[in-house]
Amino acid sequence: MLLLARTTRLEDVSSPTEGLSLFYTDLDRNFVDVREIEKMGRKAVDSNEVFIDGLPIPAEDLIGEEGKGFRQILHGLNPERILVAGECIGIARNALARAAHYANERVIFDRPIGQNQGVQHPLAKAWARVESANLMVMHAAALYDAGEPCGVEANAAKLLAADAAVEATEAAQITFGGFGYAKEYHVERLVREALLFRIVPVTPQMLLSFIAEKALGLPMSY
Ligand SMILES: Cc1cc2nc3c(=O)[nH]c(=O)nc-3n(C[C@H](O)[C@H](O)[C@H](O)COP(=O)(O)OP(=O)(O)OC[C@H]3O[C@@H](n4cnc5c(N)ncnc54)[C@H](O)[C@@H]3O)c2cc1C
């Protein structure tokens with residue numbers, strides 16, 4: 001497992017982010033208790049509570065420089081946000097495509113439900129939000145690929161894409177009526193997956209706090 005652990009006591013470092021080291025080490029269950037957390041979605045990947053007590057770690061399992069593990073972890077955070085934002089765009093596009101297909105096929109009172117503006121407009125609005133969020137995702141990804149700072153853009157991309165995915169999946173679900181709640185049509189699972197990405201890897205509140213500080217120069221609030 002990849003493990004970030006404190007190797008210098010808090011009272012001996014100038015900042016709490018110093019004195020943490022990164023390891024790639026064996027998950028020895030004699031010292032590690034792993035308990036699965038049941039959850040509403042993301043079933044393909046387990047999430048667990050992990051309790052580590054007295055795990056011995058050989059020095060050669062250290063990655064990089066001792067005490068600098070937090071900085072090393074930071075390198076992965078922006079691409080993770082961009083990646084998650086990309087997943088949101090994919091989920092949203094899939095939901096909208098399913099909804100448009102269904103709205104063209106389902107006929108009520110001799111016309112497809114998709115001919116009604118009340119059905120069209122939420123889907124069209126969601127499409128516009130998704131595609132504009134995608135521009136921020138691509139902008140952040142291009143900055144990252146160019147080796148440029150991309151923290152604000154990566155955070156904004158994740159914020160916008162997750163919100164767009166929630167809106168798009170909800171609009172898709174209502175388009176299916178009662179079948180939107182049925183597993184058979186797959187939209188309900190897209191709703192569940194989109195909701196996860198509002199929370200992970202970082203919540204909208206923390207994204208907004210970061211953007212307020214870094215893009216607008218407001219005082220750090222957390
Ligand atoms: C399925 C799943 C998989 C996950 N996988 C991973 C993983 O692989 N690795 C990993 O490290 N983590 C993982 N997480 C954890 C996830 O990143 C956190 O749950 C998430 O960042 C929120 O942190 P928290 O749960 O500690 O919430 P808390 O920090 O307890 O926050 C609770 C609420 O209070 C709000 N809040 C807190 N402080 C402030 C503030 N100052 N101002 C305004 N609002 C505030 C938060 O925004 C949130 O709404 C996973 C979570 C889930 C659900």
Side-chain angles (χ1 to χ4, degrees), residues 1-7 10 15-27 29 32-53 55 57 61-64 67-92 94-95 133 137 140 144 150-167 169-170 183 186-222:
M1 63 178 167
L2 192 64
L3 182 69
L4 183 67
R6 177 158 296 287
T7 47
L10 206 49
S15 150
T17 56
E18 295 292 322
L20 296 161
S21 301
L22 196 58
F23 300 94
Y24 186 64
T25 196
D26 289 335
L27 199 164
R29 287 183 191 251
V32 183
D33 186 14
V34 179
R35 298 179 202 162
E36 189 176 347
I37 301 170
E38 288 293 328
K39 52 194 194 294
M40 70 184 277
R42 200 66 165 182
K43 308 274 188 185
V45 185
D46 285 359
S47 297
N48 299 284
E49 288 181 291
V50 181
F51 301 87
I52 303 171
D53 191 5
L55 176 72
I57 301 180
D61 287 356
L62 176 74
I63 298 178
K68 303 291 177 200
F70 187 75
R71 272 192 221 168
Q72 291 164 224
I73 285 281
L74 277 183
H75 284 292
L77 295 186
N78 287 331
E80 183 190 29
R81 280 159 207 197
I82 297 167
L83 174 82
V84 165
E87 283 186 62
C88 291
I89 300 295
I91 288 171
N94 187 276
V137 179
Y144 179 76
C150 65
V152 169
E153 293 79 5
N155 280 278
K158 194 275 178 179
L159 177 78
L160 295 170
D163 280 353
V166 169
E167 182 182 342
T169 53
E170 194 194 358
K183 295 216 174 225
H186 295 288
V187 174
E188 58 81 30
R189 74 179 167 86
L190 298 176
V191 172
R192 287 186 281 120
E193 295 302 310
L195 285 171
L196 170 66
F197 288 132
R198 288 195 111 171
I199 302 168
V200 300
V202 53
T203 61
Q205 291 95 330
M206 301 317 285
L207 292 170
L208 290 171
S209 296
F210 181 88
I211 292 168
E213 182 194 343
K214 303 291 180 190
L216 301 175
L218 295 170
M220 186 178 180
S221 62
Y222 52 95

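Counting starts at 1 for both ligands and their atoms, in listed order. Since this is a predicted model, take the numbers as computed values, not measurements.
Counting heavy-atom neighbours within 6.0 Å of E36 CD, excluding the residue itself, gives a total above 12. Taking a 6.0 Å sphere around CG of N48, one finds it holds more than 12 heavy atoms contributed by other residues, nucleotides or ligands. Within a 6.0 Å sphere centred on CD of E170, other residues, nucleotides and ligands contribute 12 heavy atoms or fewer.
Taking every heavy atom of both residues into account, S21 and G67 meet most closely at OG-N, 2.8 Å.
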Using a cut-off of under 3.5 Å, which N/O atoms of ligand 1 pair up with protein N/O atoms, and what distance separates each pair?
residue: ligand 1; atom: 17 (O); partner: P201; partner atom: O; Å: 3.2
residue: ligand 1; atom: 21 (O); partner: P201; partner atom: O; Å: 3.2
residue: ligand 1; atom: 47 (O); partner: T203; partner atom: OG1; Å: 2.5
residue: ligand 1; atom: 47 (O); partner: Q205; partner atom: OE1; Å: 2.9
residue: ligand 1; atom: 49 (O); partner: Q205; partner atom: NE2; Å: 3.4

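Between R192 and E188, at least one side-chain N (NZ, or NE/NH1/NH2) sits under 4.0 Å from a carboxylate O, which counts as a salt bridge.
Here salt bridge (Lys or Arg N to Asp or Glu O under 4.0 Å) pairs that include residues 203-215, with residues two or more places apart or in two chains, number zero.
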